[in-house]
Structures are given as structure tokens and as C-alpha cells.
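Each remark here refers to the structure printed beneath this line.
Residues take their numbers from the sequence shown, with the count starting at 1.
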Amino acid sequence: MPILNTRSPGEPYLVERNPGYFEYRLPVSLKAVISWKGRLPLLRNERDEWELPGGKLDLGEDPAECLSREIREELAWDATVGEPFHSWVYRVFPDRHVFVLTFLATYDGVAAPAYSHEHKELVLVTPDEAHALNMPDDYKSAIRQAVVRGHFR
């Protein structure tokens, strides 16, 4: 495996592709704003932040199929994944960044969600209630955009 030159020790996420040209080396995380009976499932992670269901894109995996798989794993739901509508780069830690692509999704089943071992807790909240929770602002922005699009009826 080739050694990657980074711009500086404090920026290991910027790698040199051509002499003097640096670009992000980013994992891709797919997230879903899921509407279920006017509610939104949120999961509490190891950093005690609330987040949308979803996860990392595997090599060669279709994004929508990846997100469907992640929702099954995290909530035990077979949700319908719609279109992507919001993206951003999340600074998890100073040396770790993730590209986040958020999709609209719905679940029409009757079973309440069951969360996996990957998270500490699950809540079902209205979009308005989500804004008072500890979560990155871009998740809140995605939820607001979903409301404007009429996703929660």
C-alpha cells in the first residue's frame, strides 16, 4: 500500500494527490430522515449525540441499498429510501471528517423500531422536538429541510 503524504500532522484527512495539490480523504456516511406516524427516530451514539439512522457506505455498495441495510440493522425496519437531499462534511474530531449524504425515507409498518447494540438509546420525536436535542446542527438543518418538503404529514 502506498504511503499517503498529508498536508500536515494536524490534517491527516488532507492527502496529496499531485505535487502541492491536497484533497479530502473522507469516509461516506449515509443518513435517513425517516417519517413514521409524524415522528422521527433518532439514535444516541457513543459521543452522547443524537443522530439520524444510517451508516458507512461499503466499497462497491449502492448508496440507497446501503441505507436500507443500515436502517434494517439499526431499527429493524424495512423502510423505503427516497431521494438524497442534504449533504455536508462533519468534523467528528479535529483529525477525522466524514462526508454525510442524507436521504428522505419512510416506514409504513406497524412495528415500533428496535435499536441495535451500536447505539445507547432510541427516541421517536416530532421534528420540532428534535431541535432541542444535542446533535450536530447539520442534522437539524436536514430535518428542517425535510419538513419544508412536506415529508412529515
Side-chain angles (χ1 to χ4, degrees), residues 4 6 11-15 17 22-153:
L4 299 175
T6 62
E11 299 171 304
Y13 49 87
L14 292 175
V15 296
R17 293 292 174 214
F22 294 85
E23 65 184 16
Y24 277 106
R25 175 179 59 176
L26 293 173
V28 175
S29 181
L30 306 169
K31 297 293 184 171
V33 174
I34 303 174
S35 174
W36 182 59
K37 299 180 181 182
R39 300 260 173 198
L40 167 73
L42 296 173
L43 299 156
R44 192 163 53 95
N45 64 28
E46 72 280 355
R47 295 181 307 280
D48 284 327
E49 293 175 335
W50 292 97
E51 64 182 7
L52 298 168
K56 299 288 186 319
L57 179 66
D58 289 340
L59 187 62
E61 193 172 25
D62 174 81
E65 290 173 10
C66 168
L67 190 52
S68 292
R69 174 184 55 76
E70 287 286 348
I71 293 167
R72 273 191 307 279
E73 290 174 5
E74 293 183 354
L75 300 176
W77 276 355
D78 284 319
T80 301
V81 174
E83 65 186 46
F85 73 101
H86 184 263
S87 62
W88 54 296
V89 174
Y90 178 44
R91 182 179 180 236
V92 182
F93 300 110
D95 64 342
R96 178 141 169 84
H97 293 67
V98 177
F99 176 76
V100 180
L101 181 59
T102 308
F103 288 71
L104 297 173
T106 57
Y107 175 68
D108 296 325
V110 295
Y115 68 98
S116 73
H117 68 280
E118 296 177 42
H119 295 92
K120 293 179 171 184
E121 188 177 357
L122 168 109
V123 292
L124 288 168
V125 297
T126 65
D128 287 339
E129 293 168 335
H131 296 289
L133 298 175
N134 178 33
M135 73 172 66
D137 287 338
D138 276 289
Y139 283 141
K140 293 177 183 183
S141 177
I143 294 165
R144 278 192 300 275
Q145 288 179 33
V147 168
V148 168
R149 291 170 171 254
H151 191 56
F152 292 90
R153 296 178 195 233

Original post:
What are the two closest heavy atoms between Ser87 and Phe99, and how far apart are they?
Top reply: CB-CZ, 3.7 Å
Original post:
Nearest 0.5 Å, what's the CG-NZ distance between Asn45 and Lys120?
Top reply: 8.0 Å
**OP:** Would you give the length of the straight line joining atom CE of Met135 to atom CD1 of Ile143, rounded to the nearest 0.5 angstrom?
**Re:** 4.5 Å
Original post:
Going by heavy atoms in the side chains, are Leu43 and Glu121 under 4.5 Å from each other?
Top reply: no
Original post:
Can you tell me how far CG of Leu122 sits from CH2 of Trp50, rounded to the nearest 0.5 angstrom?
Top reply: 7.0 Å
Original post:
Which value, rounded to the nearest 0.5 Å, describes the distance between Phe152 atom CZ and Leu40 atom CG?
Top reply: 4.5 Å
**OP:** Find out whether Val81 and Ile71 are in side-chain contact, i.e. whether some heavy atom of one side chain is under 4.5 Å from a heavy atom of the other.
**Re:** yes
Subject >> For the student: nearest non-hydrogen atoms of Pro127 and Val147, plus distance >> reply: CB-CG2, 3.5 Å
Original post:
So do Arg47 and Val92 actually touch side chain to side chain, heavy atoms under 4.5 Å?
Top reply: yes
Original post:
Are Pro53 and Trp77 close enough that some pair of their side-chain heavy atoms sits under 4.5 Å apart?
Top reply: no
Subject >> Check: Val33 main-chain N/O paired with His151 side-chain donor or acceptor under 3.5 Å >> reply: yes
Original post:
For Arg144 and His86, what are the C-alpha separation, side-chain angles and deciding distance, and is it a side-chain contact (heavy atoms from CB on, under 4.5 Å)?
Top reply: CA-CA 11 Å; Arg144 278 192 300 275; His86 184 263; over 6 Å; no
Original post:
Any sub-3.5 Å donor-acceptor pair from Trp36's side-chain atoms to Ala112's backbone N or O?
Top reply: no
**OP:** Report the distance from atom CG of Asp108 to atom NZ of Lys37, rounding to the nearest 0.5 Å.
**Re:** 10.5 Å
**OP:** List the atom of Val89, the atom of Leu26, and the distance in Å for their closest heavy-atom pair.
**Re:** CG2-CD1, 4.2 Å
Original post:
Do any N or O atoms from the side chain of Asp138 and from the backbone of Tyr90 form a donor-acceptor pair under 3.5 angstrom?
Top reply: no
Subject >> Trp88 side chain to Thr102 backbone, donor-acceptor under 3.5 Å >> reply: no
Subject >> side-chain hydrogen bond (donor to acceptor under 3.5 Å, both in side chains) partners of Lys140, counting only residues at least two apart >> reply: none
**OP:** Heavy atoms only: give me the nearest Leu67-Leu30 pair and the separation to one decimal.
**Re:** CD1-O, 3.5 Å
**OP:** Could you check if a side-chain atom of Leu14 sits within less than 4.5 angstrom of a side-chain atom of Thr6, using non-hydrogen atoms only?
**Re:** no
Original post:
Considering all heavy atoms of both residues, which atom of Leu52 and which atom of Ala32 are nearest to each other, and what is their separation?
Top reply: CB-O, 3.5 Å
Original post:
Of all heavy-atom pairs between Arg91 and His97, which one has the smallest distance, and what is that distance?
Top reply: CG-NE2, 3.6 Å
Original post:
Judged by atom type as modelled, is there a donor-acceptor pair below 3.5 Å linking the side chain of Asp58 to the main-chain atoms of Glu61?
Top reply: no
Subject >> Glu70: partners by side-chain contact (heavy atoms from CB on, under 4.5 Å), with sequence neighbours left out >> reply: Cys66, Glu73, Glu74
Original post:
Can you tell me how far CD1 of Ile34 sits from NZ of Lys31, rounded to the nearest 0.5 angstrom?
Top reply: 10.5 Å
